[in-house]
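Structure first, then comments.
If you're wondering where the values come from, they're calculated on a predicted model, not measured in any experiment. As the structure lists them, so they are numbered: ligands from 1, and atoms in each ligand from 1. Throughout, numbering of the chain's residues begins at 1 and tracks the sequence.
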Amino acid sequence: MSQLDTKSQAWSALFSEPMSELVQRYTASVFFDQRLWRADIEGSLAHAEMLQAQGLISAHDWQAIQSGMNTIRAEIESGAFEWKLALEDVHLNIEARLTQLVGDAGKRLHTGRSRNDQVATDVRLWLRGEIDGLLALLTELQKALVGLAERHADVILPGFTHLQVAQPVSFGHHLLAYVEMFARDAERLTDVRKRVNRLPLGSAALAGTSYPLDRERVARTLGMVDDAGAPAVCQNSLDAVSDRDFAIEFTAAASLVMVHVSRLSEELILWMSQSFGFIDIADRFCTGSSIMPQKKNPDVPELARGKTGRVVGHLMGLITLMKGQPLAYNKDNQEDKEPLFDTVDTVRDTLRIFAEMVGGITVKPEAMERAALKGYATATDLADYLVKKGLPFRDAHEVVAHAVKVAIQQGVDLSALPLATLQGFHPDIGEDVYQVLTLRGSLEARNLLGGTAPEQVRAQVARHKARLGA
Ligand code: ARG
């Protein structure tokens with residue numbers, strides 16, 4: 001970035017003294033809003049094409065603007081473009097270079113436009129593309145989880161409530177719970193995208209413009225259309241230039257993505273600890289300790305859990321940014337970019353890494369099953385068995401509590417108690433009780449929609465695969 005050109009700004013006739021370097025730095029956004037350059041050029045071209053179609057600029061100017069923008073695009077891509085701090089932001093940098101390249105045609109580009117509707121358009125275009133990228137990554141992550149679930153539909157995991165062993169579940173079923181979460185995340189992002197994909201251009205500074213602009217034409221050119229294919233144009237100029245709801249709701253949806261990743265991370269971390277020993281995570285996602293040679297730490301899930309705080313923080317930042325802003329545009333809104341950009345970067349990298357990492361998880365079924373056996377996970381099954389024999393559920397619950405107490409005293413699983421002992425708790429207990437007391441019997445019994453029976457898990461895997469195109 002070139003340092004202070006003591007340039008006279010576009011509006012400088014009114015100004016009698018230059019900005020200090022500190023104030024320039026404080027007010028400039030070009031350090032970070034550079035990344036909007038593609039959207040800025042795309043938006044400008046759509047605007048210029050419309051100006052020409054409406055007879056507001058000549059065909060010659062339109063040609064000149066296109067060729068100038070092609071040059072600028074190439075310069076930015078190659079790194080030759082000189083970003084100038086004194087030109088404040090991405091919009092003024094590109095416009096100034098355009099004018100340098102093509103003269104008066106460049107100066108006509110801003111007809112009927114303000115940076116206020118320009119920046120709102122740019123951010124929306126940019127975010128729309130990023131949402132599409134995140135949706136693709138969410139699909140990848142879901143596919144990886146579904147693949148792992150399919151391979152482990154029959155693996156028995158102790159299901160927990162209160163982190164106490166509760167009932168046996170299929171490991172595949174457990175993984176598919178996360179697929180449900182990420183599927184809802186994709187739904188939410190798809191819904192947010194509709195409100196992102198609306199056109200502010202034509203609102204000018206705040207009140208609209210006296211030029212006969214064709215806003216719907218610009219919307220169509222930019223692909224800002226609703227589900228029915230009709231142009232999606234912001235309907236109130238004051239709202240259009242000042243609304244950042246779309247950024248806030250995107251960040252809210254992104255926060256939920258991270259919350260889901262964080263919950264999964266917490267489980268991976270627990271499962272990988274020696275006390276659980278349920279899984280192993282491939283070495284390339286872990287690090288060692290500088291002092292303890294035996295350590296292999298699950299850094300990636302830990303960092304993802306940590307980065308969740310950062311994204312949720314951005315949501316708080318953005319929502320607070322909007323609070324108390326009077327209509328219409330205020331410079332406060334320039335502060336929307338860094339949190340939004342960092343949210344996108346964080347979620348993108350996290351999803352990309354997780355999609356890979358999930359595929360590299362090694363499952364240890366014996367350890368999971370051992371843990372399930374330790375926790376009297378089939379106690380509910382014994383109660384259900386007694387209910388089927390005619391006992392009221394509350395009485396059955398009490399009978400089983402006694403049985404569990406004895407099993408604990410003897411240090412064995414319920415299924416290891418002899419029939420005579422079990423019959424001591426209730427005479428209706430018969431030989432068939434052992435089918436329900438085994439982990440697998442318990443699992444297979446929960447064979448209803450949404451249940452953990454491997455048959456159900458396989459049906460869900462098939463549904464997800466069809467939905468995800470896997
Ligand atoms: N860099 C500004 C932003 O990010 C662009 C809009 C500036 N508009 C203005 N009237 N100063 O919001």
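For ligand 1 and Ser29, the ligand atoms under 4.0 Å from any heavy atom of the residue are 1 (N). Counting atoms of ligand 1 from 1 in the listed order, those under 4.0 Å from a heavy atom of Gln334 are 1 (N), 2 (C), 3 (C), 4 (O), 12 (O).
Residue Glu455 places its CD atom among 12 or fewer non-hydrogen atoms of other residues, nucleotides or ligands, all under 6.0 Å distant. Applying the 6.0 Å contact sphere to CD of Glu302 captures more than 12 heavy atoms from other residues, nucleotides or ligands.
For ligand 1, the polar-atom distance check finds no N/O of Lys331 at less than 3.5 Å from any of the ligand's N/O atoms. An N or O contact shorter than 3.5 Å is missing between Asn333 and ligand 1 by distance. For the pair Asp89 and ligand 1, the shortest N or O to N or O distance falls below 3.5 Å.
A salt bridge links Arg25 with Glu21: at least one charged nitrogen is closer than 4.0 Å to a carboxylate oxygen. Salt bridge annotation for Asp33-Lys337: absent, with no cationic side-chain nitrogen under 4.0 angstrom from a carboxylate oxygen.
Relative orientation of the Phe278 and Phe276 rings is perpendicular, given thresholds of 30° and 60° on the angle between their planes.
Contacts between Lys337 and ligand 1 below 4.0 angstrom, taking non-hydrogen atoms only, involve the side chain exclusively.
For atom 12 (O) of ligand 1, the nearest protein heavy atom (residue, atom name, distance) is Tyr329 OH, 2.5 Å. The protein heavy-atom contact nearest to atom 9 (C) of ligand 1 is Asn116 OD1, 3.4 Å. Here the heavy atom of the protein found nearest to atom 11 (N) of ligand 1 is Arg115 NH2, 3.5 Å.
By the 6.0 Å and 45° rule, Arg198 does not stack over the aromatic ring of Phe246.
Here the side chain of Arg215 pairs a donor or acceptor atom with the backbone of Leu201 at under 3.5 angstrom.
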